[in-house]
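Each remark here refers to the structure printed beneath this line.
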Amino acid sequence: MIFDTHSHYNDEAFQDDLPAIVRQFPEAGICGAVNVASDLSSIDEVLALAKAYPQFYAALGIHPSDCAPLTESRLLLIQEKLHEPKVVAVGEIGLDYHYDEPDREMQKKWFRRQLRMAQEADLPVIIHSRDAAQDTMQILLEEQGHFSGGVIHCYSYSPEMAEQFVRMGYYIGVGGVVTFKNGRRLKETVQRIPLERIVLETDCPYMAPVPHRGERNSSLYLPLVAREIAQLLQIQEEEVIRVTYENAKRLYRLDERKEPAAENGEPSTDEDMGVHLR
Ligand code: NI
């Protein structure tokens with residue numbers, strides 16, 4: 001089974017046919033997904049989706065590019081909601097110097113503040129980091145006392161840096177980019193780090209894998225990402241799916257919660273998978 005560790009089904013791209021997509025999850029081998037908030041308005045949207053669908057969990061946080069309207073009191077409102085039953089992480093938070101807006105000092109301030117919020121709530125973090133490798137690494141090192149684990153989502157840096165994040169205890173989020181012709185660096189990263197540190201993600205509606213590149217993405221395309229990773233590692237696709245599913249469960253501590261809904265509403269049994277837990 002495949003668990004999508006990063007999606008945005010609250011996006012308007014899904015407003016017409018979300019129930020139909022979720023109905024197709026079982027035949028594509030998808031058991032669940034985390035909808036990740038990015039701005040103030042999406043906080044309640046992802047919570048509502050988690051209530052409406054047994055397959056969905058929620059991550060609450062403010063994306064660096066959307067942190068300008070944040071205030072301490074607004075953040076406290078988010079903090080209260082972290083205790084709702086299906087909230088599994090704080091995110092997406094981080095630094096984005098690609099757009100460089102709002103200014104870097106403001107981005108850093110709210111990144112640190114949300115890292116500490118995650119620590120207080122004892123939740124892992126979902127890190128968005130673009131064109132900001134050094135500052136991201138430095139802040140994560142400085143804030144290690146405030147550390148509940150997490151994932152570097154949509155990983156885009158060097159294989160060497162990935163090894164460093166892995167040594168710090170992070171998972172590396174791999175999605176459609178790994179199938180792109182110009183995704184060479186991510187392919188190398190996948191070959192360099194242990195499979196036990198890779199989680200599958202869509203970032204849908206964005207980042208659809210080849211041959212759907214440029215189209216609307218969804219979790220239904222994740223088997224294409226698993227297949228590409230299997231080819232890169234020269235192992236069976238089933239092994240990639242099995243190991244990354246265990247990784248996702250460890251990352252978000254899903255076993256401490258209700259299992260993602262299985263086919264036909266049957267409780268899922270994955271004793272066979274437990275054997276391979278390291
Ligand atoms: Ni995202």
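All residue numbers refer to positions in the sequence shown, counting from 1. Order of listing sets the numbers, starting from 1, for every ligand and every atom in it.
Between the R74 side chain and the P69 main chain, a donor and an acceptor come within less than 3.5 Å of each other.
H98 pairs by the ring pair (Phe, Tyr, Trp, His ring centres under 6.0 Å) definition with nothing, not counting sequence neighbours. Not counting sequence neighbours, K109 has no partner by the salt bridge (charged side-chain N to carboxylate O under 4.0 Å, His left out) test. Considering only residues two or more places apart in sequence or on other chains, E215 meets the salt bridge (charged side-chain N to carboxylate O under 4.0 Å, His left out) condition with none of them.
Within the protein, the N, O or S atoms sitting under 2.8 Å from the Ni ion (ligand 1) are H6 NE2, H8 NE2, E92 OE2, D203 OD1.
The shortest heavy-atom contact between D122 and R253 is O-NH1, 2.7 Å.
N217 and T202 share no donor-acceptor pair across their side chains, judged by distance under 3.5 Å alone.
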